[in-house]
Amino acid sequence: MIASRGVAVSVVGAGPTGALLALLLRRRGFEVTAFDGRPDPRGVPSMSGRSINLALADRGIHALKSAGVYDRIAGAMVPMRGRLLHQTGTAPAFAPYGGREGEAIYSISRHRLNQALLTAAAAAGVELKFEHRLEDLDVDAAVAHIHDARGSRRLTVPMNPLLAADGAASTSRRRLAALALVKADEVDLDHGYKELTIPAGPGGRFLMRSDALHIWPRGNFMLIALPNADGSFTATLFLPKRGAVSFESLDSAATVRDFLLGNFPDACELVPDCVAQFRDNPTGFLGTVYADRWSVRGAIGLIGDAAHAIVPFHGQGMNCCFEDCVEFDACLERETSWEAVFERFFSARKPNTDAIAAMALENYLEMREHVADPKFRLRQSLSLELERRHPQRFIPRYSMVMFHHEIPYRVAQNRGSIQAQLLERIAAGAATLDDVDFDRAARAINRELPPVARDLDPA
Ligand SMILES: Cc1cc2nc3c(=O)[nH]c(=O)nc-3n(C[C@H](O)[C@H](O)[C@H](O)COP(=O)(O)OP(=O)(O)OC[C@H]3O[C@@H](n4cnc5c(N)ncnc54)[C@H](O)[C@@H]3O)c2cc1C
């Protein structure tokens with residue numbers, strides 16, 4: 001175990017990753033200071049005035065429970081048990097996410113989650129310094145330069161080590177890349193996003209079904225909406241940045257109105273000011289970060305989105321970051337030097353973060369296009385039926401990722417591709433589940449898909 005008594009560790013970035021990591025480090029006895037460029041979010045309403053939410057799933061919940069902070073958040077979580085598909089010209093259709101009892105994902109306010117984590121970190125003794133922005137790194141001198149906006153001064157902070165949890169656009173990672181100490185590719189998606197609020201009805205009533213993630217799949221673009229605890233929904237429009245139908249082409253109130261009303265009439269009915277919201281809310285960018293290493297000389301380590309940001313289509317970015325924190329904590333238990341901790345962490349996590357990065361990209365096509373395809377929907381119900389019949393062997397890939405923290409992402413990805421081939425064959429020629437030969441399916445599954453337990457403990 002690495003020595004912690006009297007050791008001062010700095011964390012840069014007090015978002016979900018930095019806050020949880022700081023808490024876990026403090027619990028191990030380190031003296032932890034966490035710096036964040038933003039003002040303190042505790043005790044104030046969301047800065048943007050909008051409620052922005054995230055899907056929290058089993059991996060994130062498991063990490064929050066391990067850190068003892070789950071109870072601070074549980075009351076604010078809104079369960080989503082499946083997708084509600086809004087297709088043009090038909091009534092909305094519900095498809096459950098999982099086949100087992102209690103399988104759901106949860107919508108949680110980003111602001112509230114961050115507040116709860118910071119409160120827990122401060123209560124444990126983490127020193128939190130807001131409006132402190134990391135500006136530069138001097139790796140040879142092993143110091144970071146941090147600007148204190150409140151005191152208008154520049155601090156020199158030793159990298160003793162420094163853990164960089166400063167998000168997808170990480171200054172730390174970009175600085176290390178500029179110094180050729182890390183090779184990092186930032187691969188932008190050619191789609192961006194914009195958030196719109198669907199307000200609560202009278203008395204805080206939900207205006208749509210609240211236990212679902214709503215999807216309006218429209219081929220090359222889509223709208224989704226997640227419920228908030230106050231009865232509102234946060235909708236997110238994902239759309240190409242450029243091209244015939246794109247953020248660039250929607251350049252006037254009239255084109256925006258025609259686009260929104262033409263494609264999402266039922267949602268627009270609930271958002272009377274949708275055109276104004278579209279105009280006023282920022283357009284966000286999406287991308288994947290691939291870095292060939294996450295640490296330098298045992299002095300600085302990247303973690304969370306700073307190391308491996310992914311696109312949001314599996315609802316796993318933050319869940320994955322929370323899993324990072326738990327894994328990092330486990331590495332602290334097993335190693336005695338920072339270099340060894342960082343190496344063990346990278347070897348354990350990189351195959352898994354690469355796997356979820358790929359699955360998240362695949363899921364975009366699934367959400368905006370495939371979910372509307374009857375063949376895809378048959379394969380989904382078939383997956384759940386096969387899981388019911390063969391629970392030790394066949395678990396739908398979505399379920400492995402969202403409901404099984406004990407199955408690493410890489411294993412979910414590998415088993416998922418075997419299962420996809422099996423499904424293709426088992427569903428060939430079937431229009432409904434009644435057409436499926438389940439005896440033949442059982443033989444194929446027993447032959448080609450080992451029990452999950454064997455992949456988790458190959459010995
Ligand atoms: C549209 C969208 C939807 C998403 N939906 C989901 C979802 O449903 N489920 C899910 O699990 N994930 C989701 N994600 C991903 C999730 O938001 C991220 O994975 C998560 O926020 C990463 O946490 P982080 O702490 O590593 O980085 P961030 O949340 O980006 O936090 C970084 C922190 O560092 C601070 N900082 C940045 N630069 C500096 C600096 N130079 N000096 C000091 N401080 C600095 C910032 O102020 C911030 O507080 C979504 C992402 C997007 C874009």
Side-chain angles (χ1 to χ4, degrees), residues 10-22 33-41 47 52-61 63-64 77-78 80 105-111 113-115 117-118 128-137 144-149 155 157 162-175 189 191-196 213 224-226 234-238 281-289 302-325 353 356-357 360 363-364 367 401-402:
S10 304
V11 176
V12 168
T17 308
L20 184 61
L21 180 68
T33 308
F35 301 91
D36 199 290
R38 294 171 312 164
D40 190 344
M47 313 269 188
I52 296 186
N53 51 28
L54 294 155
L56 183 64
D58 184 51
R59 288 170 204 272
I61 290 173
L64 295 172
M77 290 166 28
V78 185
M80 299 181 288
I105 58 174
Y106 297 86
S107 174
I108 176 86
S109 146
R110 185 186 280 272
H111 184 65
L113 176 60
N114 208 211
Q115 282 181 329
L117 288 171
L118 291 169
L128 295 168
K129 290 183 181 279
F130 290 95
E131 298 174 65
H132 279 67
R133 176 161 295 280
L134 179 131
E135 289 185 335
D136 201 1
L137 300 172
H145 298 292
I146 294 185
H147 181 251
D148 167 7
L155 309 179
V157 173
L162 182 144
L163 292 156
D166 47 350
S170 168
T171 304
S172 315
R173 185 190 67 242
R174 288 178 177 172
R175 185 69 190 128
L189 202 66
H191 289 218
Y193 72 96
K194 196 180 278 285
E195 278 149 339
L196 306 168
L213 189 153
I224 67 167
L226 277 70
T234 303
T236 310
L237 171 68
F238 295 96
N281 295 346
T283 304
F285 297 93
L286 301 166
T288 308
V289 168
L302 304 170
I303 186 162
D305 269 18
H308 51 67
I310 60 176
V311 295
F313 306 111
H314 219 306
Q316 277 292 309
M318 179 189 64
N319 286 277
C320 173
C321 294
F322 284 168
E323 210 174 57
D324 271 6
C325 296
T353 59
I356 188 60
N363 232 42
Y364 189 27
M367 286 177 87
V401 170
M402 302 307 267

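Counting convention: from 1, in listed order, for ligands and their atoms alike. The analysis underlying the following values was restricted to heavy atoms, covering all of them including side chains, and did not include hydrogens, waters or symmetry mates.
- Each of the atoms 43 (C) of ligand 1 lies under 4.0 Å from some heavy atom of H132.
- In this structure, Y193 and F238 have tilted ring planes: the angle between them lies in the 30° to 60° band.
- Between G304 and ligand 1, no pair of N/O atoms sits closer than 3.5 Å.
- Close approach to V12 involves these atoms of ligand 1, each under 4.0 Å from a residue heavy atom: 42 (N), 43 (C).
- Under the 3.5 Å distance criterion, the side-chain polar atoms of N53 are left unmatched by any main-chain donor or acceptor of S109.
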task = Could you walk me through whether S172 and D166 pass the side-chain hydrogen bond (donor to acceptor under 3.5 Å, both in side chains) test, one step at a time?
result = CA-CA 7 Å; S172 315; D166 47 350; 2.7 Å; yes

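- Interface atoms of ligand 1 facing G15, defined by a heavy-atom separation under 4.0 Å, are 25 (O), 31 (O), 33 (C), 49 (O).
- Checking only distances, G315 does come within under 3.5 Å of ligand 1, N or O to N or O.
- Among D305, D36, L54, the residue whose heavy atom sits closest to atom 5 (N) of ligand 1 is L54.
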ask   = Could you walk me through whether R110 and M318 pass the side-chain contact (heavy atoms from CB on, under 4.5 Å) check?
value = CA-CA 10 Å; R110 185 186 280 272; M318 179 189 64; over 6 Å; no

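- E195 places no side-chain N or O within donor-acceptor distance of the main-chain N or O of I52, the cut-off being under 3.5 Å.
- Contact atoms of ligand 1 toward R38: 47 (O), 49 (O) (distance under 4.0 Å to a heavy atom of the residue).
- At least one heavy atom of P16 sits less than 4.0 Å from an atom of ligand 1.
- In this structure, H191 has its ring center closer than 6.0 angstrom to the ring center of Y364.
- Without hydrogens or angle criteria, N319 side chain to L56 main chain gives no donor-acceptor distance under 3.5 Å.
- Heavy-atom contacts of G317 reach the following atoms of ligand 1: 10 (C), 11 (O), 12 (N), 15 (C), 19 (O) (cutoff under 4.0 Å).
- Looking at atom 42 (N) of ligand 1, its nearest protein heavy atom turns out to be L134 N, 2.8 Å.
- From the protein, the heavy atom lying nearest to atom 50 (C) of ligand 1 is P312 CB, 3.8 Å.
- The distance from ligand 1 to the heavy atoms of N319 drops below 4.0 Å at these ligand atoms: 10 (C), 11 (O).
- Below 4.0 Å from some heavy atom of A55 lie the following atoms of ligand 1, by number and element: 7 (C), 8 (O), 9 (N), 10 (C), 11 (O).
- For ligand 1, the atoms closer than 4.0 angstrom to any heavy atom of T171 are 41 (N).
- Among all protein heavy atoms, the one lying closest to atom 21 (O) of ligand 1 is R110 NH1, 3.1 Å.
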task = Begin with the C-alpha distance, continue with both residues' side-chain angles, and end with the deciding distance and a verdict on side-chain contact (heavy atoms from CB on, under 4.5 Å) for S170 and R175.
result = CA-CA 9 Å; S170 168; R175 185 69 190 128; over 6 Å; no

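- With atom 32 (C) of ligand 1 as the reference point, the heavy atom nearest to it among A360, A165, G13 is part of A165.
- Scanning the protein for heavy atoms near atom 43 (C) of ligand 1, the closest one is G37 N, 3.3 Å.
- The closest donor-acceptor contact from the side chain of R133 to the backbone of H147 lies at 3.5 Å or more, if one exists at all.
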request  = Kindly determine whether F35 and D148 satisfy side-chain contact (heavy atoms from CB on, under 4.5 Å), including the steps that lead there.
outcome  = CA-CA 9 Å; F35 301 91; D148 167 7; over 6 Å; no

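- Given atom 53 (C) of ligand 1, the protein heavy atom at minimum distance is Y193 OH, 3.7 Å.
- Regarding atom 26 (O) of ligand 1, its nearest protein heavy-atom neighbour is T17 OG1, 2.7 Å.
- Between the side chain of H132 and the main chain of F130, a donor-acceptor pair closer than 3.5 Å is present.
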side-chain contact (heavy atoms from CB on, under 4.5 Å) between T236 and K194, worked out = CA-CA 6 Å; T236 310; K194 196 180 278 285; over 6 Å; no

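- Scanning all protein heavy atoms for the shortest distance to atom 27 (O) of ligand 1 gives G167 CA, 3.5 Å.
- Summary of contacts: the protein heavy atom closest to atom 10 (C) of ligand 1 is M318 N, 3.3 Å.
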